[in-house]
S.K.: 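Below: one structure in structure tokens.
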Amino acid sequence: MAERPEDLNLPNAVITRIIKEALPDGVNISKEARSAISRAASVFVLYATSCANNFAMKGKRKTLNASDVLSAMEEMEFQRFVAPLKESLEVYRREQKGKKEARKDKDKKTDSEEQDKSREEENDDDDERMEEEEQNEEEEVDN
Amino acid sequence: SGPARLARLPLARVKALVKADPDVTLASQEAVFVLARATELFVETIAKDAYVYAQQGKRKTLQRKDLDNAIEAIDEFAFLE
């Protein structure tokens with residue numbers, strides 16, 4: 001049962017919150033208007049994806065990356081989004097880097113505990129195996 | 001919402017939309033994140049633009065017709081027609 005792309009909606013609660021925060025206090029939004037905005041948002045993603053993919057293909061790359069999306073915004077005449085998006089991306093990158101390093105540090109700690117046999121006291125035999133997969137930079141979108 | 005805010009839209013849902021495009025092979029996590037943030041900015045923008053019409057009609061409730069008016073009037077929203 002294939003879903004039509006336009007039927008892939010974004011969560012109503014989140015969309016509503018974003019709308020409410022963008023508008024002055026005391027302003028309401030009808031269900032129909034909210035629904036229409038939600039659908040428009042889905043179409044936006046689809047259109048932006050297609051646009052971004054063109055840039056990836058132009059660059060002979062098979063992976064759509066962040067700069068392709070930024071190029072798509074310019075192409076779609078949403079240049080004013082580019083600066084705030086770049087800032088968000090910086091924060092995101094720092095966060096991701098922090099997560100990776102936290103995981104590395106955890107691994108290092110576990111290793112040194114295992115090697116340190118000279119300790120008198122019993123260490124907790126926490127055989128902490130990191131079962132979770134190393135998160136790749138690129139997530140495959142398999143088609 | 002500040003520019004440095006992390007995405008509120010769940011990345012998994014955005015990714016599902018990206019996957020719907022048969023021409024897309026792979027998309028990086030960063031690309032999905034930027035798309036999510038861009039979509040949030042888009043929602044803010046269109047809501048504000050539509051609200052102008054509600055104000056003209058002296059209403060405090062945003063209605064479907066306000067959206068339709070904004071989409072018709074604003075070039076950047078032509079892709080929605």
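Protein chains get the first letters and strands the later ones, always in sequence-line order, with residue 1 at the start of each.
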S.K.: If hydrophobic clusters are built from ILVMFWY residues whose side chains come within less than 4.5 Å, do L41(B) and L17(B) share one?
M.R.: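 Yes, L41(B) and L17(B) fall within the same hydrophobic cluster.
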S.K.: At a 4.5 Å cut-off on heavy atoms, which part of L35(B) comes close to chain A: side chain, backbone, both, or neither?
M.R.: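 L35(B) touches chain A through backbone and side-chain heavy atoms alike.
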S.K.: By the definition side-chain contact (heavy atoms from CB on, under 4.5 Å), identify the one residue from L64(A), N65(A), L89(A) that meets it with V34(B).
M.R.: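 Among L64(A), N65(A), L89(A), the one that satisfies the side-chain contact (heavy atoms from CB on, under 4.5 Å) with V34(B) is L89(A).
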S.K.: What residues of residues 52-61 of chain B sit under 4.5 Å from chain A when only non-hydrogen atoms are counted?
M.R.: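 Against chain A, the residues of residues 52-61 of chain B that fall inside the cut-off (heavy atoms, under 4.5 Å) are K60(B), T61(B).
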S.K.: Between K20(A) and D25(A), does any NZ, NE, NH1 or NH2 come within less than 4.0 Å of an OD or OE carboxylate oxygen?
M.R.: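 Looking at D25(A) and K20(A), the cut-off is not met.
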S.K.: Could you work out, with side chain to side chain contact (heavy atoms under 4.5 Å, CB included) as the rule, every residue matching V27(A), not counting sequence neighbours?
M.R.: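 Only L23(A), P24(A), Y51(B) meet the side chain to side chain contact (heavy atoms under 4.5 Å, CB included) criterion with V27(A).
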S.K.: Hey, does the side chain of E40(B) reach the backbone of L9(B) with a donor-acceptor pair shorter than 3.5 angstrom?
M.R.: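 Yes, E40(B) side chain to L9(B) backbone: donor-acceptor pair under 3.5 Å.
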S.K.: Could R8(B) and E21(A) be called an ion pair, given the rule that one side-chain N must be under 4.0 Å from one carboxylate O?
M.R.: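 Yes, charged N to carboxylate O under 4.0 Å.
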S.K.: Contact part of E90(A) toward chain B, heavy-atom cut-off under 4.5 Å: side chain, backbone, both or neither?
M.R.: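 Neither the backbone nor the side chain of E90(A) comes within 4.5 Å of chain B.
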S.K.: What residues form a ring-ring contact (aromatic ring centres under 6.0 Å, His included) with F81(A), not counting sequence neighbours?
M.R.: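 F81(A) satisfies ring-ring contact (aromatic ring centres under 6.0 Å, His included) with F78(A) only.
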S.K.: Are the charged groups of E101(A) and K104(A) less than 4.0 angstrom apart, N to O?
M.R.: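 Between K104(A) and E101(A) there is no salt bridge, as every charged N stays at least 4.0 Å from the carboxylate O atoms.
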S.K.: If contact means a heavy atom pair closer than 4.5 Å, which residues of residues 64-72 of chain B contact chain A?
M.R.: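 The stretch touches chain A at R64(B), L67(B).
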S.K.: Report which part of F44(A) has an atom under 4.5 Å of a heavy atom belonging to chain B: side chain, backbone, both, or neither.
M.R.: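 Contact with chain B involves both backbone and side-chain atoms of F44(A).
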S.K.: Report yes if some heavy atom in the side chain of D68(A) is under 4.5 Å from a heavy atom in the side chain of R61(A); otherwise report no.
M.R.: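 Yes, side chains in contact.
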S.K.: Is the shortest side-chain heavy-atom distance between I37(A) and T16(A) below 4.5 Å?
M.R.: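 A side-chain contact is absent here, since even the closest heavy-atom pair is not under 4.5 Å.
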S.K.: Please examine the side chains of R39(A) and V43(A), heavy atoms only from C-beta on, and report whether any two atoms are closer than 4.5 Å.
M.R.: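 When only atoms from C-beta onward are counted, R39(A) and V43(A) do not touch, as no gap falls below 4.5 Å.
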